[in-house]
2 protein chains.
Amino acid sequence: MSLSRRTLGKALTPDVGRGIPDATVARLPIYGRVLTSLITAGNSTVSSDHLAALCGVSPAKLRKDLSLLGSYGTRGVGYDVGFLSAQIDRELGLSRPWRVVIVGAGNLGRALVSYRGFESRGFEIVGLVDSHPDVVGTRVTVGARELLVLPSASLEALVRQSHAHIGVIVTPAESAQAVAERLVAAGIRSILNFAPVVLTVPVGVEVRKVDFGVELQILAFHEQRRGEEPMSQAMHA
Amino acid sequence: MSLSRRTLGKALTPDVGRGIPDATVARLPIYGRVLTSLITAGNSTVSSDHLAALCGVSPAKLRKDLSLLGSYGTRGVGYDVGFLSAQIDRELGLSRPWRVVIVGAGNLGRALVSYRGFESRGFEIVGLVDSHPDVVGTRVTVGARELLVLPSASLEALVRQSHAHIGVIVTPAESAQAVAERLVAAGIRSILNFAPVVLTVPVGVEVRKVDFGVELQILAFHEQRRGEEPMSQAMHA
DNA sequence: TAGATTGTTAATCGATTAACAATC
DNA sequence: TAGATTGTTAATCGATTAACAATC
């Protein structure tokens, strides 16, 4: 009973499976975005040195990461940006649409709805719910479309009818766990959690967490550490 | 991450000679938040098993992490939640106030301003700027206070006069790099970047990045992988 | 003492890096 | 060919884990 349920699942499998390491997966979206901007800029090929610099990683790491997807480069030449971009998108699953439900229409929820990066990457926001009567029934514009804020009670129906894949929790901390349970019960197995709580979910459900407070605290830590140490080299504005 | 092996022979200061590992630092805010909720709930002590379960990590990892801060537990008993919480806050630098400037007063910028988790953790938002004439001059409420949206031109003055430590960039991708450069020139050395771009900053400036798109793409990856594998191994609840 | 739980060790696992042979 | 750059190797580094002696 002391162990979290989540940690139990991965013990016995003899990893012959050729999965991409998590650290690499976490970098693929960055490579993808930079490649997109290179395509827009009209480049046709790019070397690992150049791409790595644009992505803020070392060339060795970049080549290692890309080699895990396959041999998509040309020695002496570099990578075809369009082709590589397509391979990364395919690997990440961006070549098919993913339907997203957003729970919570506060400031942050509305900011997410109007965030252009979703639609442009193939994510479709199929619904937005909120429990606050003042907010229910109002509209939020998403690009060309308009989204109606639905009452909290219709969450399950929304998930089922839209066949949503991903639930985004943007509620206060107090309601997040209950929302997560309702999402899972309705069939959702991927959750993006913005509430400052650790969610407990059944094995097989994937939760990712975004917490501005945590990021700020880590910055504060480094700021403090810097103040403690005598300034060495560094700094040239 | 320069490391200075300097011996300030203080009895109560734990041996932090080579610094807390990044992976541990990233978890400290989570431990801190859970401890805060335990304090609120009236608990006085907690075991590593229990705390680990609440934080979603393994007990071994938790004890290892905490042992890097010092020996703050009692064998056979556990940890005093108040004391441990204070040690983590001190380690993270939360026992002193940090002043934050927010650049960009769009949906997301305003969501951040009204995010309670900042003030409650000792961060003070000292200013909010935006380049859009329609937005400049409007007000945003932060808890009890009200924040006036300042014009972009006053960014440098704001940073200097408030002695801000941290800059938060919530602008569109196009303007983010320019804003970063202005922040750094004005003396900021810690940046939290919400714009979907990789920022280039001088050595000594710390940048952390939050990107919802990246998180969603990683979820999509796992969702796809799950669909591909005929759940043979991998899953047993 | 007997039971509980920490702090630490040593082994393992995974990720990063430098170097270079392969090859365009 | 000569120069450029990938893909891969092997070494290193860092993080995780299981186990248990220390000790409350």
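Chain letters run A, B, ... following the sequence lines, proteins first and then strands; every chain starts at 1.
- Rounding to whole angstrom units, NZ of residue A/K64 and C1' of D/dT5 are separated by 17 Å.
- Between B/F212 and A/F212, the two ring planes are tilted [angle within 30° to 60°].
- Atom-to-atom, OH of A/Y72 to P of D/dT8 comes out at 12 Å; the value is rounded to the nearest Å.
- Remark: B/Y79 is in phosphate contact with C/dG7, judged by side-chain N or O atoms under 4.0 Å from OP1 or OP2.
- Among the atoms of the strands shown, none is found under 4.0 Å from any heavy atom of A/T24.
- Applying the ring-ring contact (aromatic ring centres under 6.0 Å, His included) test to pairs two or more places apart or on separate chains, none has a residue in residues 22-52 of chain A.
- A side-chain N or O of A/E181 and one of A/Q177 form a donor-acceptor pair less than 3.5 Å apart.
- Using modelled atom types and a 3.5 Å distance limit, the side chains of A/T24 and A/D65 yield a donor-acceptor pair.
- Residue-to-nucleotide contacts include no donor-acceptor pair under 3.5 Å from the side chain of A/R75 to the base of C/dT23.
- Atoms CG (B/L69) and P (C/dT8) sit 12 Å apart, rounded to a whole Å.
- If you take CG of A/D49 and C1' of D/dT6, they are 11 Å apart, rounded to a whole angstrom.
- Taking atom CG on B/L62 and atom C1' on D/dA19, their separation rounds to 17 Å, with Å as the unit.
- Under 4.0 angstrom from either OP1 or OP2 of C/dT17 there lies at least one side-chain N or O belonging to A/S58.
- Between A/D22 atom CG and C/dT16 atom P there is a gap of 11 Å when expressed in whole angstrom units.
- Using a 4.0 Å heavy-atom cutoff across all strands shown, B/A23 reaches sugar-phosphate atoms only and no base atom.
- For the segment residues 25-47 of chain B, the set of residues with a heavy atom within less than 4.0 Å of an atom of DNA chain D comprises B/R27, in numerical order.
- Across all strands, B/T74 comes closer than 4.0 Å only to sugar-phosphate atoms, never to a base (heavy-atom distances).
- Stem analysis of DNA chain D (at least three stacked-register Watson-Crick or G-U pairs, each with both distances under 3.5 Å) gives C:3-24 with D:3-24.
- Each of A/A60 and A/G76 lies near DNA chain C, and the nucleotide nearest A/A60 is the one positioned closer to the 5' end.
- Note: B/S120 OG to B/L94 CG = 10.0 Å, rounded to the nearest 0.5 Å.
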